[in-house]
2 protein chains.
Amino acid sequence: MKADAAQLNDWLMRIDTFNATPGEGTTRAVYTKEFYRAREYLKKEMQDLGLEIHEDCVGNIYGEYKGCHPEHPPVWTGSHIDTVPHGGRYDGMAGVFAALEVIRMMKSDGYQPKRSIFVNAYAGEEMSRFGMCCIGSRAIVGRIHQQDLKDARNMAGESIFDVLSHDGFEPERFNRDFSTKPRVHASLELHIEQNRILQDKGISVGIVTGICAPTNLRCEIHGIQSHAGGTSMEDRRDAFMASAEIALALEHLAKASDSEYITGTVGAMKLDPDAANVIPGQANFSIDIRSISAQDKDDLVEALQEKIDEITRNRGVTYQLEQLNNDTPYICSPRIRELLHESAKELELPVLDMISGAYHDSLMLGDITDAAMIFIPCKDGISHDRKESIDMDDLAKGTDLLAATLRRLSEE
Amino acid sequence: MKADAAQLNDWLMRIDTFNATPGEGTTRAVYTKEFYRAREYLKKEMQDLGLEIHEDCVGNIYGEYKGCHPEHPPVWTGSHIDTVPHGGRYDGMAGVFAALEVIRMMKSDGYQPKRSIFVNAYAGEEMSRFGMCCIGSRAIVGRIHQQDLKDARNMAGESIFDVLSHDGFEPERFNRDFSTKPRVHASLELHIEQNRILQDKGISVGIVTGICAPTNLRCEIHGIQSHAGGTSMEDRRDAFMASAEIALALEHLAKASDSEYITGTVGAMKLDPDAANVIPGQANFSIDIRSISAQDKDDLVEALQEKIDEITRNRGVTYQLEQLNNDTPYICSPRIRELLHESAKELELPVLDMISGAYHDSLMLGDITDAAMIFIPCKDGISHDRKESIDMDDLAKGTDLLAATLRRLSEE
């Protein structure tokens, strides 16, 4: 049986109704009303398919399709259902419902796998609300501890721990829920590409060879706030102009790097006092560096720091550079990639090996199991935006590959 | 009689108690509670000195020290008492209380001028709250009309007209109050320099030769919002990187200009969505260009626009550039400057001819009368900042020069 594009579309449109900003993209931040309603919807769909639902204290959902040997380590699939503000309908959700469609197909075919297959929805993959990405999958693999839930806070100053407690979860159960890492045979996640390579090459399915991981820094420039008219160009200690020069240096270094894939982004910028007639005395901005190679990232950070030293010295301003995280990239399981290629061949599906520039829950899951990913194209590479769009036939093809490969994995 | 530094300091400290952010600089935005209280305080001090107080419907205060011939056009002096957020104690206030001290000295000396001398406090010189600078002096000289009070709004969406009505002024009287331009013999304003030239040269008093005027533009860059990891450096249409390049181009053009004095500033920047992990799809920023020469400003804007064309074309982004205002610089009255030099010589006060990079109410007043300005140093050139500071002896010397020159003008 082949994946049903109409069924996939129906699920994706239904979950999209749980949206804080209808008409202005999809906004479903982790641990908000819309997120909780979307969870209830997903659990109901899982129940309708006969999955056994497990949950934990950070809001991960695990839907178990029982195999003949449920005592063997299961195969995991799935993705996330939270979104960035004013984001798209597919980033995360495509992978969750592709997984559900696989189960629907297996049931229709009367197929029961050897190992159980879990359809998972990991909580809070997007970083936007609490400054922490992949909350759920980080908890599962042991990258965060209970204290981290208390430290990570939203703009209102509430911690994840506070919010979970308030909303009826029991975050004090954290140590019990996550004391031992689960034994998982393999993990395979479908996700939209968030780049335009597949579209440009006219290929419907990508096989991810490795997942870039972000190094995030926060840079603070201290200049001298003064009057835009009264201060001559020579006398300025302009925190913004220094920041602009640093941003362009980052861009230049990333472009000039001979890394296989590396990016440098300044996405957030706050000037103080941020007034048209005042030279900014302070600038705070984000630096996001991603690569498939940990070494290349470290080299770029080092080169950037040299440039920051030089730029700030020349401009007579000072800076603070704080490293928020430096995650290790993940090389996807060669074994699963081989199975993916074999399955694609069988399905007569042209595929492309490719790097994931974005991180995903699979980056975390790689800590505890063999993990791999399937990409499908998204229109013009646009993601994290209301204009995010996919072709349902591509999703159906990706789902077919997911189904075939999950079968192989669950028979191992 | 010489100016009394202690008296000046006393007034300046007293008016500074009307402050919305005690301990964090002085915040006294136009038409706020603190502004109104400061007005009441100033009027009381004027009354104590026997000045006759006039007011108008936008909150200007005119304190008249009657001359023997009050029917002749008077001489005006004074400045403003509103501040930027978290600003200083002297920007504006120094000129108002120096003027008051002149009257106190004249009264102590038993001196009555021929022409009346007006100590004025012009309403809303700072642009911060309603996006309009010099509200009071603009109204006086006819640069704004009643409709402009309805169009200029604060962040809460309230117009100046609304706020004035609510607070008991009668803005509907605008046409009556400002139908004819006042006949003024001359205007002389003392102000802090807001630059460090006087301090660096060790001179206590500057004579302003000309006042730069701002050309303000708003630039909006439209790129493509996309995922910081998923989008390769080549595929980006990064609105912020384009903005950074434009800002540095502005800086370069201002530095490279052979104008006698020209500045270019990007003081405010708003990225959308302003998230660390998203490439900005849109950037909005302010451009502030000031010069003593209208031609040099126009040339700079033209050169900048060429650079913006080039930068956005190369980066595959688009832009909108809106000119908010393009005020004409003012060459201070040569006649008054001559009197200032003569008075300084008499007082044995070393002075420096200098340009004002910042605009002042005098820039407006130059429309209707011969206007000139006296500068006194401020520490390290810092202004529009809580660290703004002056030496009271400098203020006393500036006040002596103000007194001597006002005497000469009022005898003409």
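Just so we're on the same page: letters track the sequence lines, and every chain starts at 1. Below, each value reflects all heavy atoms present in this structure, side chains not excepted, and no hydrogens, waters or symmetry copies.
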Please report the shortest heavy-atom distance between M132(B) and A152(B), naming the atom on each side.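 Heavy atoms only, the tightest pair is CE-CB, 3.9 Å.
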Of the non-hydrogen atoms in E193(A) and Q199(A), which two are nearest, and what is the gap between them?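 Shortest heavy-atom contact: OE1-N, 4.5 Å.
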Can you tell which of I382(A), V278(A), L250(A) has the highest number of heavy-atom pairs within less than 4.5 Å of chain B?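 Most heavy-atom pairs under 4.5 Å with chain B: V278(A).
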If you count heavy-atom pairs under 4.5 Å with chain B, which of G281(A), A268(A), A244(A) comes out on top?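 Top count of heavy-atom pairs under 4.5 Å with chain B: A268(A).
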Please rank [options] by heavy-atom pairs under 4.5 Å with chain A and give me the top one.
options	answer
K387(B), R315(B), K270(B)	R315(B)
C212(B), S226(B), A228(B)	A228(B)
E251(B), R196(B), M269(B), E234(B)	E251(B)
S286(B), A283(B), A276(B)	A276(B)
G267(B), A247(B), P273(B)	G267(B)

Can you check whether F375(B) and H360(B) have ring centres sitting under 6.0 Å from each other?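 Aromatic pair counts; centres sit under 6.0 Å.
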Region of D235(A) that comes under 4.5 Å of a non-hydrogen atom in chain B: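 Only the side chain of D235(A) comes within 4.5 Å of chain B.
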Are R237(A) and D380(B) close enough for a salt bridge, meaning some N to O gap below 4.0 Å?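 No, R237(A) and D380(B) are not salt-bridged.
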Is there a side-chain contact between [X] and [Y], using heavy atoms and a 4.5 Å cut-off?
X	Y	value
E125(B)	Y359(B)	yes
L321(B)	I287(B)	yes
S291(B)	L300(B)	no

Decide whether Q225(A) and D272(A) meet the rule of one side-chain donor and one side-chain acceptor closer than 3.5 Å.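 There is no such pair between these side chains.
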For residues D385(A) and H227(B), is any side-chain donor paired with an opposing acceptor at under 3.5 Å?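 Absent: no donor and acceptor within the cut-off.
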Under 4.5 Å, heavy atom to heavy atom: which of residues 252-265 of chain A reach chain B? Give them by number, or say none.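 Under the 4.5 Å heavy-atom cut-off, A254(A), K255(A), Y261(A), I262(A), T263(A), G264(A), T265(A) qualify.
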Measuring from M127(A):CE to D288(A):CG, what's the distance to the nearest 0.5 Å?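 Taking CE in M127(A) and CG in D288(A), the distance rounds to 6.5 Å.
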Let me confirm one number: the CG-OG distance from D361(A) to S79(A), rounded to the nearest 0.5 Å.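 Those atoms lie 6.0 Å apart.
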Relative to chain A, which segment of L248(B) carries a heavy atom at a distance below 4.5 Å: side chain, backbone, both, or neither?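 Answer is both: backbone and side chain atoms of L248(B) are under 4.5 Å from chain A.
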Proximity breakdown for R236(B) and chain A, heavy-atom pairs closer than 4.5 Å: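 Side chain of R236(B) only, per the 4.5 Å heavy-atom cut-off to chain A.
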